[in-house]
Amino acid sequence: MSTPLRVAVIGAKGRIGSEAVRAVEAAEDMELVAALGRDDKLETLVESGAQVAVELTHPDAVMRNLEYCTAQGIHAVVGTTGWNEERLAQLGEWLKASPGTGVLIAPNFSIGAILTMRFAQQAARFFESVEVVELHHTKKADAPSGTATRTAQLIAAARAEAGLPPQDDPTTHGLPGARGADVDGVPVHAIRLRGLLAHQEVLFGGVGETLTIRHDSLHHSSFMPGILLGARRVVDVPGLTFGLENFLFTEGE
Ligand SMILES: NC(=O)C1=CN([C@@H]2O[C@H](COP(=O)(O)OP(=O)(O)OC[C@H]3O[C@@H](n4cnc5c(N)ncnc54)[C@H](OP(=O)(O)O)[C@@H]3O)[C@@H](O)[C@H]2O)C=CC1
Ligand SMILES: O=C(O)C1=N[C@H](C(=O)O)C[C@H](O)C1
């Protein structure tokens with residue numbers, strides 16, 4: 001049997017982090033070498049010999065953690081949200097200074113959510129209207145979700161590629177926010193409700209018909225196969241990979 005992959009989890013006491021700790025412990029080809037909470041030192045990652053850090057913390061913490069990991073040549077699988085162009089550019093600089101290190105940022109690790117994005121991308125060019133509704137638990141720090149933002153960006157790119165005009169919105173009266181956030185011309189609505197975990201609907205409208213693509217993550221276990229796959233693959237893919245689909249689909253699929 002080959003040597004197990006040495007994996008650490010940062011944010012190990014959180015909702016998804018605690019599930020990731022259990023998943024890594026249960027994986028036969030991995031060894032959990034560190035489980036870091038807010039008060040633990042990042043130096044533990046080096047001391048424990050971690051090859052991959054799974055980063056599942058908070059948008060306020062993720063950059064500091066990744067600066068450390070990339071400087072130390074520790075690969076990272078990142079589920080934490082809150083990404084924008086500026087943050088990605090900064091991460092790109094750190095990776096440039098650390099050739100050979102791989103970072104995977106996955107707005108969503110669940111296969112259903114990745115397929116939702118893919119199907120939405122495919123459907124986008126056929127419909128005049130599209131809106132995204134994401135629904136999450138009440139403890140979520142960011143809105144709209146990373147998944148909804150990514151979904152809207154992919155839809156907008158597909159519409160632009162197909163030569164579709166911007167969506168017409170005749171709203172001139174009402175309350176600010178009623179039409180949601182504008183992500184590249186796609187309205188995105190964020191709902192926070194007790195009892196929910198992570199859910200998304202992509203609603204398309206055309207002449208006399210609508211199409212709704214819906215995904216529900218009912219438990220944090222839905223994210224685990226994606227995290228484990230990311231950890232196995234990221235060690236062989238230097239630089240930044242954005243989206244788990246890059247490790248799931250073959251070219252042209
Ligand atoms: N990509 C995906 O598929 C998924 C992504 N997520 C994302 O993962 C992130 C975490 O979500 P969730 O588990 O629900 O959040 P939680 O608040 O439950 O967990 C975050 C954990 O990180 C800890 N933490 C905060 N700062 C640091 C730090 N500097 N170092 C180490 N640990 C730290 C927190 O500690 P404390 O408790 O002391 O505050 C907490 O235990 C979010 O950005 C969320 O959107 C979530 C699910 C799926
Ligand atoms: O905070 C969460 O819970 C989730 N965050 C990710 C996101 O913002 O898209 C993934 C999933 O929706 C759960």
Side-chain angles (χ1 to χ4, degrees), residues 3-12 14 16-17 20 24 29-36 38 40-110 113-114 117 141-142 145-147 149-151 153-154 157 183-184 223-251:
T3 324
L5 185 66
R6 296 188 302 280
V7 179
V9 176
I10 316 178
I16 183 168
V24 171
D29 59 342
M30 292 183 192
E31 181 189 353
L32 180 76
V33 294
L36 272 59
R38 181 193 282 276
D40 294 315
K41 290 194 168 59
L42 285 172
E43 287 71 26
T44 308
L45 296 174
V46 170
E47 288 158 15
S48 65
Q51 293 167 281
V52 180
V54 178
E55 213 288 352
L56 303 163
T57 61
H58 189 280
D60 290 344
V62 64
M63 293 306 280
R64 186 173 69 91
N65 294 337
L66 291 182
E67 182 176 18
Y68 182 83
C69 288
T70 51
Q72 298 298 330
I74 298 170
H75 309 285
V77 171
V78 184
T80 302
T81 45
W83 290 97
N84 57 30
E85 289 305 320
E86 197 184 317
R87 286 179 165 223
L88 290 171
Q90 174 64 79
L91 176 58
E93 291 300 317
W94 293 333
L95 281 168
K96 223 186 285 172
S98 183
T101 306
V103 172
L104 165 70
I105 297 174
N108 203 305
F109 289 110
S110 90
I114 293 162
M117 288 186 252
D142 56 319
S145 71
T147 309
T149 302
R150 179 71 174 152
T151 306
Q153 289 167 341
L154 292 170
V183 178
D184 295 352
F223 305 114
M224 295 307 122
I227 289 179
L228 298 182
L229 172 69
R232 287 181 188 115
R233 292 290 310 280
V234 75
V235 293
D236 294 323
V237 186
L240 175 62
T241 302
F242 196 92
L244 187 66
E245 61 274 18
N246 293 290
F247 291 171
L248 274 173
F249 304 132
T250 53
E251 215 168 300

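Note that the coordinates shown come from a computational prediction; the quantities given were computed from them, not determined experimentally.
Not counting sequence neighbours, Phe109 has no partner by the ring pair (Phe, Tyr, Trp, His ring centres under 6.0 Å) test. Partners of Arg232 under the side chain to side chain donor-acceptor pair (under 3.5 Å) rule, at least two apart in sequence or in another chain, are Asp29. Applying the side chain to side chain donor-acceptor pair (under 3.5 Å) rule to Thr70 yields no partners; only residues at least two apart in sequence or on another chain are considered. Applying the side chain to side chain contact (heavy atoms under 4.5 Å, CB included) test to Ala76 and every residue at least two apart in sequence or in another chain returns Leu66, Val78, Val103. Residues passing the side chain to side chain donor-acceptor pair (under 3.5 Å) test with Thr80, sequence neighbours excluded: Glu55. Evaluation of the side chain to side chain contact (heavy atoms under 4.5 Å, CB included) rule for Glu43 yields Lys41, Glu47, Tyr68 as partners, not counting sequence neighbours. Every salt bridge (Lys or Arg N to Asp or Glu O under 4.0 Å) that Glu93 has, sequence neighbours left out, goes to Lys96. Scanning for side chain to side chain contact (heavy atoms under 4.5 Å, CB included) contacts around Asn84 gives Glu86, Arg87, with sequence neighbours left out. For Thr149, the side chain to side chain donor-acceptor pair (under 3.5 Å) test picks out no residue, with sequence neighbours left out. With sequence neighbours left out, Asp142 forms a salt bridge (Lys or Arg N to Asp or Glu O under 4.0 Å) with Lys140.
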Next on the checklist: Between Glu31 and Leu5, does the side chain to side chain contact (heavy atoms under 4.5 Å, CB included) criterion hold? Intermediate values first, please.
Outcome noted: CA-CA 6 Å; Glu31 181 189 353; Leu5 185 66; over 6 Å; no
Next on the checklist: I'd like to know whether Val54 forms a side chain to side chain contact (heavy atoms under 4.5 Å, CB included) with Ile10, so could you lay out the CA-CA distance, the side-chain angles of the two residues, the decisive distance to 0.1 Å, and finally the verdict.
Outcome noted: CA-CA 6 Å; Val54 178; Ile10 316 178; over 6 Å; no
Item to check | Test log, rule side chain to side chain contact (heavy atoms under 4.5 Å, CB included), inputs Leu45 and Leu42 | outcome: CA-CA 6 Å; Leu45 296 174; Leu42 285 172; 4.0 Å; yes
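Looking at heavy atoms from C-beta onward, Val7 lies out of side-chain contact with Val33 at the 4.5 angstrom threshold. A heavy-atom distance below 4.5 Å is found between the side chains of Thr81 and Pro59.
Distance check, rounded to the nearest 0.5 Å: OG1 of Thr57 to CG of Leu36 gives 10.5 Å. Rounding to the nearest 0.5 Å gives a distance of 10.5 Å between CD1 of Ile227 and OG of Ser110. The line from CD1 of Ile105 to CH2 of Trp83 is 4.0 Å long, rounded to the nearest 0.5 Å.
At least one donor-acceptor pair closer than 3.5 Å links the side chain of Gln51 to the backbone N or O of Arg6. Panel note: side chain His75, backbone Thr101; no donor-acceptor pair is recorded below 3.5 Å.
Summarising the geometry of Val234 relative to Leu104, their closest heavy-atom pair is CG2-N, 3.7 Å, with the distance given to 0.1 Å. Closest approach of Thr147 and Ala113 over heavy atoms only: CG2-CB, 4.5 Å. Shortest non-hydrogen contact noted between Ala34 and Thr44 is CB-CG2, 4.2 Å. The two atoms that bring Gly73 and Ser98 nearest to each other are CA-OG, 4.1 Å, heavy atoms only. Across all non-hydrogen atoms, the minimal contact from Gly17 to Val9 is O-CG1, 3.8 Å.
The stretch residues 62-72 participates, sequence neighbours left out, in no salt bridge (charged side-chain N to carboxylate O under 4.0 Å, His left out) pair at all.
The only option from Val235, Leu229, Asp236 that meets the side chain to side chain contact (heavy atoms under 4.5 Å, CB included) definition with Arg233 turns out to be Leu229. Results of the side chain to side chain contact (heavy atoms under 4.5 Å, CB included) test with Ile74 over Val52, Asn65, Val46 single out Val46 as the only residue that passes.
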Side-chain atoms of residues 238-245: list all donor-acceptor pairs with protein atoms under 3.5 Å, sequence neighbours left out, distances to 0.1 Å.
none

